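Values below: all heavy atoms of this structure, side chains included; hydrogens, waters and symmetry mates excluded. Nothing here was measured: the structure is a model prediction, and the numbers come from that model.
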Amino acid sequence: MSRLREDPAFAAAFDKRRAQAEVAFQIRRLREVKGLTQKELARKVGCSQQAISAIEQAGYGRHSLPLLRRIAEALDAEVFVALVAKRAA
């Protein structure tokens, strides 16, 4: 795995997928902690249950800041975004 991580294309794809999976995991975990079904969260966010189901999938790649803020508001959470400098080559 470490050799693959040295490949810039693989590393970029891996990091993107990891971030998508982490967002999906956090949304699902918070929803479950709050005791909400996907349908209940969807109602609070203003979208369909199918949309929440898709958002909770690790491969979902259409997150937007406004959508994440609506979800966070419905889950009594905050969105935190950080821009971090890339490591020097």
Side-chain angles (χ1 to χ4, degrees):
M1 180 72 151
S2 62
R3 281 187 166 203
L4 287 173
R5 293 281 294 156
E6 291 174 8
D7 175 19
F10 176 85
F14 181 87
D15 289 343
K16 180 178 179 182
R17 289 283 188 179
R18 184 180 64 196
Q20 290 172 348
E22 183 63 26
V23 169
F25 173 77
Q26 289 177 13
I27 291 169
R28 181 175 179 174
R29 183 178 50 80
L30 283 170
R31 176 181 60 77
E32 290 175 344
V33 165
K34 295 290 184 179
L36 297 172
T37 65
Q38 288 181 343
K39 188 174 185 177
E40 291 167 333
L41 178 58
R43 199 173 306 123
K44 289 176 170 268
V45 173
C47 64
S48 68
Q49 177 274 325
Q50 292 84 354
I52 296 298
S53 177
I55 291 163
E56 289 184 353
Q57 298 301 311
Y60 183 78
R62 297 183 56 199
H63 301 102
S64 68
L65 204 47
L67 174 61
L68 291 175
R69 284 185 175 138
R70 289 194 337 257
I71 292 170
E73 179 69 25
L75 294 171
D76 193 30
E78 293 183 31
V79 174
F80 176 77
V81 177
L83 300 177
V84 180
K86 294 179 182 179
R87 287 185 265 158

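- Of the inter-residue distances, the one linking Gln49 atom CD with Arg43 atom CZ reads 11.0 Å to the nearest 0.5 angstrom.
- Of all the heavy atoms in Val45 and Arg70, the pair that sits closest is O-NE, 3.2 Å.
- The cluster map of Ile, Leu, Val, Met, Phe, Trp and Tyr, joined by side-chain heavy atoms under 4.5 Å apart, puts Phe80 and Leu30 in different clusters.
- Under the 4.5 Å side-chain contact rule for hydrophobic residues, Val81 and Leu67 share a cluster.
- The salt bridge (charged side-chain N to carboxylate O under 4.0 Å, His left out) test with Glu32 singles out one residue from Lys34, Arg28, Arg29, and that residue is Arg28.
- Of all the heavy atoms in Gln20 and Ala58, the pair that sits closest is CB-O, 3.3 Å.
- For the atom pair Gln38 CD and Ser48 OG, the distance stands at 10.0 Å (nearest 0.5 Å).
- In the hydrophobic clustering of ILVMFWY residues, with side-chain heavy atoms under 4.5 Å counting as a link, Val79 and Ile71 come out together.
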Requested in this report: Under the side chain to side chain contact (heavy atoms under 4.5 Å, CB included) rule, what do Leu36 and Leu75 come out as? Steps first, then yes or no, please.
Outcome: CA-CA 9 Å; Leu36 297 172; Leu75 294 171; 3.9 Å; yes

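- Taking the charged nitrogens against the carboxylate oxygens, Glu56 and Arg31 do have a contact shorter than 4.0 Å, which makes a salt bridge.
- The hydrophobic clustering, which links ILVMFWY residues whose side-chain heavy atoms are closer than 4.5 Å, places Leu68 and Val33 apart.
- Atom CD in Gln57 sits 11.5 Å away from atom CD1 in Ile27 (nearest 0.5 Å).
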